[in-house]
Amino acid sequence: MANIATGSSSFPSFLPSKASTGVFNKRIMQTVSHDWHEAVSSRLEYLTRLPHNWDGYGGKPVSFLLAHFTMSMLSSACPLGSSAPQLVPGHNGDLQAEWHTLEYDIELHVLAPYRVTAVRCAGDDVEEIQLTNDFTVVAEWLNAMEVAVAARQAAA
Amino acid sequence: MSDHLRPNHLANFARPPLNEVVVGVQFNPAMGYGQIRAGEVWSLFKDGFPAVEEQVPLPPSFETFGIPSPPTFNFGMVSGGQHDRFWFLTEDQQELIQFQADRLLHNWRKVPGGVREYPRFEYIISSFQNELHDLETYFDSLAPQRLHCTQAEITYINHIILNKTGTGSQHSDWVRDLAFGRQDPEDINCTWRRSLHIDGAPRARLIVEAKTGFDFFQQRLLLLNITVRGSPLRPDIEDTIDFLKYGREIIISEFASMTTDFAHGIWERIS
Amino acid sequence: MPLDKPPHDAAGNVEVHDHAGILADHGVIRRISADHLVDDEKTGGKRVSTMAFGASSGVNGGMSVDLEESIAEAGLDPRTFVISPPFLGAVKFTAGALRSQEFKVGYDPIPTNPHHGEVWGNFTGGKKKWLQRNAEIFVVPKA
């Protein structure tokens, strides 16, 4: 938003961080609605700070850019009430968000911003699609997963 | 470079309430570049933009689509040393180039005492295209590479002075969607968003922000910011420029549609 | 018997190959970090994510592995060799099992690891699932 007092504008709008000359900066922006938000944020932060060679084969930490994209992706993919994703780092600075229930395995491999391989397994059936910015199908998968879990629990 | 001619079908105003226009791209950080080289980037633009300021960097931004109206999902991140955002300014401070390791933006803005009229989008986009090419050529000199643009954004920032009394004193006198019933609020602060589809696929978002504020002269204002943000079809400069032109058309069309006939009269609508 | 030197391209990178000296019953070990472990309702506890199995993005990049026979022939204990810090575990395949999935198993010694190998192939979701399901725990990963 335009800063009326100075006539300058920032692009886009956000709360300013502390002075950028410090070693560490904490930037907190906007609001959350999933109850697992904090845990996922912490996990992402941890993955961006993995040491080089964390996997013994020269593995890189998850990039800051990728972490941000993953948060955007999850906000578009996860219906309210859906279970928390598990986040697993990859060798190349990539990462995967995954869910595993009795009925389904859902994995979103984020190779780069706007390059996601989405896989859903139900038993031996494997469905694999390439996604860029639209995660509607993942939301449908997660809905189906939660419905299956709820049905199973209700029957128990 | 492509010609940048104003499309005839776009609404046109002789005196629009425009206060600032920003065009910008986000790109993958370039190989071989580090903040120590920021001065070299400034030297690309220094002739026209001799002043420099440092600002806090902008966080990465991505428009994704899926569940309708998802919550904006951001998070606190503690990180190591970061690349500042540099402002390279013209002498009169009416134009600036914003640069950080993963962003380049070009702003035109009204400033107190500024004499230059709004130079029109065609000038801004032409300048920006040249700046992107200059930056790409520079990055290519560090290591063979092309700019890989992940997102582009265009924003029109409007300052609509609200009259003290009578017609023009209410938000809805200017923007149709801001009718609040019998009594106009003292102040408002709202945002609404809409997905934009190209060839049937979601490609971008239109974001409208409306907020009451005050200007330098303590005049009550309605700030109306209209943004189109999304990813170009291909991550190269040409497609990014095309995306920004598309965004501009959407913004102008939306602006004309959401504002009232009264407003258009004040702003002297030409077409 | 030491493995023959692998083929290299003009730039000196190891070329994709299937090494004849790595026999079908030879062990191919993949190191596993605690960060690779996920909860799975089906197993009722932790198991290895498919993300533990994938190719690197470098030139002729494959999935890095350690070759069990090579380690043992050097007089070292493979279980101890592969869990040098920061690793907490490892899984194992046989070369023959990997080849049954159309992977190639090659030899790629590097300065920091003379027993380093590569597994090349198409790491689709289905293939990674196969790798995850058929990985034999070699050193138990600790969460």
Side-chain angles (χ1 to χ4, degrees), chain A residues 1-2 4-5 7-14 16-34 37-38 40-42 44-45 48-49 63-69 71-80 112-114 132-140 143, chain B residues 19-20 22 24 28-29 54-67 70-85 87 96 98 102-103 105 107 109-112 150-151 153 155 157 159 201-203 207 209 211 213-216 221 223 225 227 229-231:
Chain A
M1 294 289 280
I4 300 300
S8 65
S9 64
S10 55
F11 170 91
S13 62
F14 67 104
S17 71
K18 295 179 192 166
S20 59
T21 53
V23 173
F24 290 106
N25 291 306
K26 192 166 176 75
R27 295 187 290 209
I28 301 170
M29 296 161 281
Q30 300 183 317
T31 57
V32 309
S33 54
H34 288 273
H37 167 86
E38 286 286 332
V40 166
S41 296
S42 295
L44 269 176
E45 187 180 328
T48 63
R49 297 168 73 184
S63 75
F64 190 59
L65 212 64
L66 206 81
H68 269 269
F69 175 79
M71 292 304 277
S72 289
M73 176 187 76
L74 292 174
S75 76
S76 293
C78 299
L80 280 176
Y114 300 123
T132 55
N133 64 351
D134 189 355
F135 300 98
T136 306
V137 69
V138 177
E140 292 165 1
N143 260 333
Chain B
N19 182 266
E20 187 162 356
V22 190
N28 287 344
E54 289 181 45
Q55 307 287 341
V56 291
L58 299 164
S61 164
F62 299 98
E63 288 298 325
T64 55
F65 304 87
I67 51 177
T72 306
F73 215 164
N74 288 297
F75 62 119
M77 177 89 100
V78 176
S79 63
Q82 294 171 65
H83 190 294
D84 288 335
R85 177 168 44 127
W87 283 11
L96 60 133
Q98 302 192 57
D102 62 347
R103 290 286 227 289
L105 304 99
N107 297 48
R109 57 196 186 159
K110 270 189 185 169
V111 296
T150 55
Q151 184 143 288
E153 179 165 347
T155 300
I157 297 170
H159 287 186
R203 198 84 231 158
I207 301 145
E209 299 168 287
K211 182 177 172 178
F214 292 88
D215 70 2
F216 290 95
L221 291 180
L223 284 79
N225 294 0
T227 298
R229 181 189 304 138
S231 47

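Chain A is the first sequence line, chain B the second, and so forth, proteins listed ahead of strands; every chain is numbered from 1. Computed from a predicted structure; not experimentally measured. Computation of the quantities below employed the complete heavy-atom set of this structure, encompassing side-chain atoms and omitting hydrogens, waters and symmetry-equivalent molecules.
Taking both residues in full, the closest heavy atoms of Ala139(A) and Ile67(B) are given as CB-CG2, 3.4 Å, listed atom of the first, atom of the second, then distance. Pairing each heavy atom of Phe64(A) with each of Pro60(B), the nearest pair is CE2-CD, 3.7 Å.
Put simply, the side chain of Thr64(B) gets close to the backbone of Ser72(A): a donor and an acceptor are under 3.5 Å apart.
In this structure, the portion of Tyr114(A) lying under 4.5 Å from any heavy atom of chain B is its side chain and not its backbone.
Taken to the nearest 0.5 Å, the CZ atom of Phe62(B) stands 4.0 Å off from the CG atom of Leu65(A).
In this structure Thr136(A) satisfies the side-chain hydrogen bond (donor to acceptor under 3.5 Å, both in side chains) test together with Asp134(A), sequence neighbours excluded. Evaluation of the side chain to side chain contact (heavy atoms under 4.5 Å, CB included) rule for Ser42(A) yields no partner, not counting sequence neighbours.
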